[in-house]
Amino acid sequence: MAESLVVSYRSRAPVGLQRRSLPQNYCHSLPLPKPLLSLTLKSPLSLKYNSVATLLHRRVISCPAPAALDSDVPHTLHEGSVKHGSSKSFEQWDSLTAKFSGAASIPFLLLQLPQIILNASNLLAGNKTALLAVPWLGMCTGLLGNLSLLSYFTKKRENEVIIVQTLGVLSQFVVFAQLALAEAMPLPYFVATSVVVAAGLVLNFMNYFDCLNAAIWRLWEDFITVGGLSVLPQIMWSTFVPYIPNSIFPGAVAFVIAMVAVIMARTGKLSEKGVKFVGAISGWTATLLFMWMPVAQMWTNFLNPDNIKGLSTFSMLLAMMGNGLMIPRALFMRDFMWFLGSTWATLFYGYGNILCLYCFNAISRECFFAATTGLFLWIGMALWKDTVVYGYGSPFTSLKELVFGS
């Protein structure tokens with residue numbers, strides 16, 4: 001699970017060091033400025049250098065401040081309202097938060113490895129029946145979420161998180177291959193899944209290196225938008241079966257709505273805001289899919305409290321750590337969708353299940369209090385450091401800017 005994702009702008013707002021090059025589709029596909037020149041672009045954006053001394057260290061970008069829901073716009077570096085005390089501390093925190101995000105790949109990979117090793121052992125022992133316990137249909141939902149988030153972060157050029165999402169896709173595909181070998185997953189579904197995974201990885205990395213036709217990329221985005229929006233309400237509905245009737249009605253209705261929205265967006269029947277909203281759906285549905293996982297788990301815990309002892313404390317700690325490592329970067333980048341998904345998964349999936357384990361005496365008091373102390377110290381440090389590098393007097397200013405823009 002990776003959970004789940006806006007960069008705010010302010011006119012004449014200098015930013016930290018340029019660590020990544022701008023993609024071609026960045027802000028209306030404006031070209032990079034030539035070295036040692038000050039220029040003013042005639043588009044709604046303006047990009048200029050203040051002096052030769054700061055040329056290699058700063059960019060001045062002016063874009064309208066987006067709302068929190070408009071999170072489908074690619075940004076390579078945080079271009080927020082910068083009132084930070086020193087560019088050096090800003091640069092250092094930018095680098096550190098990126099490394100934290102990259103380090104999240106370790107706990108996320110460790111989450112999947114035990115299942116892969118167990119499946120391999122059962123296959124070698126000829127115990128194919130054991131793999132029937134792995135819910136491949138539910139894993140398809142996670143795979144769609146990972147592919148959607150991979151597309152989102154590819155456009156934002158968040159290299160470290162691209163690696164995390166790619167590892168998530170590949171590790172899940174390995175499990176699918178094991179299930180197909182054990183005949184626990186029908187071969188036609190495995191072939192279809194393989195095509196989607198291969199297409200998703202190839203298209204995302206071609207887009208990352210700016211060698212993909214825009215029409216093909218839009219087609220891929222439409223696919224994950226329709227898929228994500230169709231799956232989300234169906235998963236939510238299925239969580240509460242048998243207390244509500246088992247039906248595919250929510251998914252079918254969502255599929256029709258998604259198809260109509262995409263067609264209207266592509267044929268120019270929607271306003272500019274409507275088109276942006278449709279473009280942001282895939283990222284938000286992926287985030288909400290991951291956010292729903294702890295809700296489903298809590299519901300299961302409520303219905304079957306005796307089963308909670310079957311939860312792995314180590315897995316819950318890994319989930320909490322992996323998502324928690326992304327919180328500082330999401331806050332620094334003023335990416336509300338990313339911040340919401342990561343924080344929700346950290347608190348309600350990782351820590352929430354640890355709390356349940358403690359309430360049912362499945363873990364020791366020392367383990368629970370160590371996890372609690374470490375988590376809240378980490379979140380407090382992220383808020384404090386972000387406040388310092390931006391020169392604000394309160395972390396609430398950072399949170400306000402995160403949600404509402406500058």
Side-chain angles (χ1 to χ4, degrees), residues 1-8 16 68 71 75 77-78 80 84 89-90 92-111 145-146 149 152-153 156 158-165 167-168 283-284 286-294 315-355 370-390 392 394-405:
M1 182 183 87
E3 261 133 305
S4 210
L5 324 165
V6 180
V7 181
S8 58
S71 8
H75 309 297
L77 189 62
H78 174 59
H84 43 279
S89 63
F90 188 87
Q92 290 173 341
W93 187 236
D94 174 31
S95 177
L96 268 178
T97 55
K99 290 175 181 176
F100 291 151
S101 294
S105 61
I106 298 174
F108 284 138
L109 189 59
L110 290 176
L111 268 173
N146 280 125
L149 293 180
Y152 176 80
F153 286 113
K156 291 174 69 71
E158 278 290 327
N159 297 339
E160 295 80 9
V161 193
I162 290 174
I163 295 173
V164 173
Q165 298 299 333
L167 287 174
W284 274 104
T287 301
L288 292 172
L289 277 172
F290 287 122
M291 289 175 66
W292 188 253
M293 290 178 66
S315 295
M316 294 302 106
L317 283 171
L318 287 174
M320 185 179 76
M321 290 170 58
N323 287 286
L325 283 168
M326 292 189 176
I327 291 176
R329 184 65 177 174
L331 177 61
F332 176 77
M333 295 295 291
R334 297 299 187 264
D335 191 321
F336 179 66
M337 184 190 298
W338 186 7
F339 180 84
L340 179 64
S342 297
T343 305
W344 181 279
T346 301
L347 293 176
F348 292 97
Y349 186 70
Y351 182 73
N353 280 302
I354 291 173
L355 177 60
T372 302
T373 303
L375 174 62
F376 287 98
L377 282 176
W378 176 257
I379 294 177
M381 181 278 298
L383 290 170
W384 167 76
K385 188 63 178 179
D386 189 86
T387 303
V388 170
V389 298
Y390 281 101
Y392 295 142
S394 167
F396 292 107
T397 307
S398 293
L399 294 173
K400 180 182 177 182
E401 190 174 84
L402 171 73
V403 178
F404 300 106

Practice item. State plainly whether the residues R329 and E158 are in salt-bridge range, i.e. N to O under 4.0 Å. Key: yes
Review point. Side chain to side chain contact (heavy atoms under 4.5 Å, CB included) with L347: which of I327, L355, L375?
Key: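 Output: one option passes, namely L375.
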Which atom pair, heavy atoms only, marks the closest approach of [X] to [Y]?
X    : Y    : result
A319 : G350 : CB-CA, 4.5 Å
G322 : P107 : CA-CG, 3.6 Å
D386 : S398 : OD2-OG, 2.8 Å
A371 : L317 : CB-CD2, 4.1 Å
S105 : L167 : CB-CD1, 3.6 Å
G283 : L149 : O-CD2, 4.2 Å

Review point. Quick one: are the ring centres of F336 and F404 less than 6.0 Å apart?
Key: no
Practice item. Please test S315 against L111 for side-chain contact (heavy atoms from CB on, under 4.5 Å), starting from the C-alpha separation and ending with a verdict. Key: CA-CA 6 Å; S315 295; L111 268 173; 3.9 Å; yes
Look only at the side chain of [X] and the backbone of [Y], and say whether a donor-acceptor pair between them is shorter than 3.5 Å.
X    : Y    : result
N353 : Y349 : yes
W378 : G324 : yes
T97  : D94  : yes
S95  : Q92  : no

Point to revise | side-chain contact (heavy atoms from CB on, under 4.5 Å) assessment of F290 paired with N146 | key: CA-CA 9 Å; F290 287 122; N146 280 125; 4.0 Å; yes
Check your understanding: L288 and M291: side-chain contact (heavy atoms from CB on, under 4.5 Å), yes or no, with the steps?
Key -> CA-CA 5 Å; L288 292 172; M291 289 175 66; 4.0 Å; yes
Just verifying a value: how many Å separate [X] [atom1] and [Y] [atom2], rounded to the nearest 0.5 Å?
X    : Y    : atom1 : atom2 : answer
M320 : L325 : CE    : CG    : 10.0 Å
L318 : N323 : CG    : CG    : 11.0 Å
L331 : L383 : CG    : CG    : 6.0 Å
E160 : M326 : CD    : CE    : 10.0 Å
L377 : W384 : CG    : CH2   : 12.5 Å
T287 : L340 : OG1   : CG    : 7.5 Å

Check your understanding: Side chains of W93 and L96: closer than 4.5 Å at any heavy-atom pair?
Key -> yes
Check your understanding: Do the non-hydrogen side-chain atoms of V403 and F339 ever get within less than 4.5 Å of each other?
Key ->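 In short, these two side chains do not touch, never coming nearer than 4.5 Å.
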Check your understanding: Are Y390 and F90 close enough, and set up right, to give a side-chain contact (heavy atoms from CB on, under 4.5 Å), and what steps lead you there?
Key -> CA-CA 8 Å; Y390 281 101; F90 188 87; 3.6 Å; yes
